[in-house]
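Quick note: residue numbers are just sequence positions, from 1.
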Amino acid sequence: VQLQASGGGLVQTGSSLRLSCAANRRTFRNNAMGWFRQAPGKEREFVAAISRTYDTDYADSVKGRFTISRDNTKDVLYLQMDSLTPEDTAVYYCAAVLGSLMSRRVSDYRYWGQGTQVTVSS
């Protein structure tokens, strides 16, 4: 298994969650990483990305509330999600780009985790 996401759950509006994505070393060390989400009936959408050198990029909808980070010593990707709203309800996926450049496009990501459900109640 290349990527394994975890940390989802059911929380109330305004709560926080931290998602984790464990990767094998070869997948993680050389590639930019990202988080995407998919709500029922909607397309998968970009959430955040991080390069090997810790540059970050965020979707406007989560900027200021979510923080992406990576631990290159443990080969783990994180997504800290604060001030959650019902609009953040979705299955969240971690993914690895084949290369060092960040991307917002689903098609640029080579490896995908299995997804973890985040549900925010009002």
Side-chain angles (χ1 to χ4, degrees):
V1 176
Q2 302 277 358
L3 300 171
Q4 186 82 23
S6 62
L10 172 63
V11 297
Q12 293 184 331
T13 295
S15 298
S16 298
L17 278 176
R18 188 175 80 157
L19 306 183
S20 299
C21 176
N24 69 43
R25 182 160 297 180
R26 186 174 182 180
T27 300
F28 191 81
R29 293 289 177 93
N30 297 321
N31 300 317
M33 303 290 295
W35 287 99
F36 288 75
R37 67 186 181 186
Q38 188 166 18
K42 295 187 177 181
E43 293 185 353
R44 192 167 298 190
E45 66 174 2
F46 170 76
V47 174
I50 187 167
S51 72
R52 288 188 302 165
T53 54
Y54 306 102
D55 295 320
T56 58
D57 184 28
Y58 295 94
D60 288 345
S61 59
V62 307
K63 197 173 294 183
R65 299 188 299 122
F66 291 11
T67 303
I68 188 171
S69 62
R70 63 190 296 163
D71 187 332
N72 285 348
T73 64
K74 297 180 179 178
D75 300 321
V76 180
L77 177 73
Y78 300 102
L79 185 68
Q80 176 68 39
M81 304 186 296
D82 298 320
S83 303
L84 286 162
T85 73
E87 288 69 37
D88 297 315
T89 295
V91 177
Y92 283 71
Y93 298 89
C94 58
V97 174
L98 191 63
S100 61
L101 297 179
M102 294 186 291
S103 174
R104 294 186 171 205
R105 297 186 300 186
V106 171
S107 59
D108 285 337
Y109 287 78
R110 174 75 174 269
Y111 303 105
W112 291 85
Q114 84 286 4
T116 184
Q117 177 71 47
V118 172
T119 303
V120 185
S121 63
S122 58

| message | Tell me if the centroids of the rings in Phe36 and Tyr109 come within less than 6.0 Å of each other. | response | yes
Note to self: Pairing donors with acceptors under 3.5 angstrom, does anything connect the side chains of Ser6 and Gln4?
What the structure shows: no
Here the pair of heavy atoms bringing Leu17 nearest to Gly9 is CD1-N, 4.0 Å
Output for pair (Ser100 OG, Arg52 CZ), nearest 0.5 Å, gives 5.0 Å
By salt bridge (charged side-chain N to carboxylate O under 4.0 Å, His left out), Asp108 pairs with (sequence neighbours left out) Arg105
Exercise. Please work out whether the ring planes of Phe66 and Tyr92 are parallel, tilted or perpendicular, with thresholds of 30° and 60°.
Key: tilted
One should read off an interatomic distance between Asn31 CG and Met102 CE, to the nearest 0.5 angstrom, of 13.5 Å
Ignoring hydrogens and geometry, is there a side-chain-to-backbone donor-acceptor pair from Trp35 to Tyr78 under 3.5 Å? yes
Correct closest heavy-atom pair for Ala90 and Arg37 would be CB-CB, 3.8 Å
In short, Leu77 meets Ile50 closest at the heavy-atom pair CD1-CG2, 3.7 Å
On a heavy-atom basis, the closest approach of Pro86 and Ser121 is CG-C, 4.4 Å
One should read off an interatomic distance between Gln12 CD and Leu84 CG, to the nearest 0.5 angstrom, of 11.5 Å
